[in-house]
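The figures here come from the full heavy-atom set of this structure, side chains too, leaving out hydrogens, waters and symmetry mates.
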Amino acid sequence: MKPFQSFRDRELLREELQLRREIEQTRDAMDAARSRFEQAVDPLLIDCFIYELNAAQLKYQFLLRNFKKVRASAAGGHSQHSASRRERP
């Protein structure tokens with residue numbers, strides 16, 4: 001690990017940590033919606049929890065895609081930095 005991180009690296013790390021928190025919260029929301037759905041007996045509540053679960057699943061997919069983009073960007077940035085260092089005399 002390098003002792004000095006660029007501003008871009010720090011921002012990517014901050015964004016990655018934020019996305020990890022949101023992914024965990026969304027996973028918890030999916031579990032809660034699934035639990036409420038399984039316990040519901042009223043048809044209106046069943047519909048409500050189906051929509052809630054679907055919305056949480058879509059948000060989870062969105063967050064995962066963004067997380068993968070951030071990780072790829074961070075990995076790409078590190079390889080570009082190290083490649084430019086090797087080219088220097």
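With hydrophobic clusters built from ILVMFWY side chains whose heavy atoms lie under 4.5 angstrom apart, Leu63 does not share a cluster with Leu17. Linking Ile, Leu, Val, Met, Phe, Trp and Tyr whenever their side-chain heavy atoms come within less than 4.5 Å leaves Met30 and Phe37 in two separate clusters.
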Glu11 vs Arg14, side chain to side chain contact (heavy atoms under 4.5 Å, CB included): CA-CA, chis, key distance, verdict: CA-CA 5 Å; Glu11 283 298 309; Arg14 184 193 60 74; 3.1 Å; yes
Steps toward side chain to side chain contact (heavy atoms under 4.5 Å, CB included) verdict (Leu58, Gln61): CA-CA 5 Å; Leu58 289 171; Gln61 291 171 4; 3.9 Å; yes
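When each of Asp47, Val41, Asp42 is tested with Leu45 by the rule side-chain contact (heavy atoms from CB on, under 4.5 Å), just one qualifies, namely Asp42.
Between Leu12 and Ala74, the closest heavy-atom pair is CD1-CA, 3.6 Å. Here the closest non-hydrogen pair linking Ala33 and Phe49 is O-CB, 4.2 Å.
How far CD1 of Ile23 is from CZ of Arg20: 8.0 Å, rounded to the nearest 0.5 Å. The structure places OH of Tyr51 at 13.0 Å from CG of Leu53, a figure rounded to the nearest 0.5 Å. Residue Arg71 holds its CZ atom at 11.0 Å from CG of Leu19, rounded to the nearest 0.5 Å.
One finds no salt bridge joining Arg27 and Glu24 here, because no Lys/Arg side-chain nitrogen approaches an Asp/Glu carboxylate oxygen to under 4.0 Å. With salt bridges taken as basic N to acidic carboxylate O contacts below 4.0 Å, none links Arg34 and Glu38.
At a cut-off of 3.5 Å, with distance as the only test, a side-chain donor of Glu22 or Gln18 sits close to an acceptor on the other residue.
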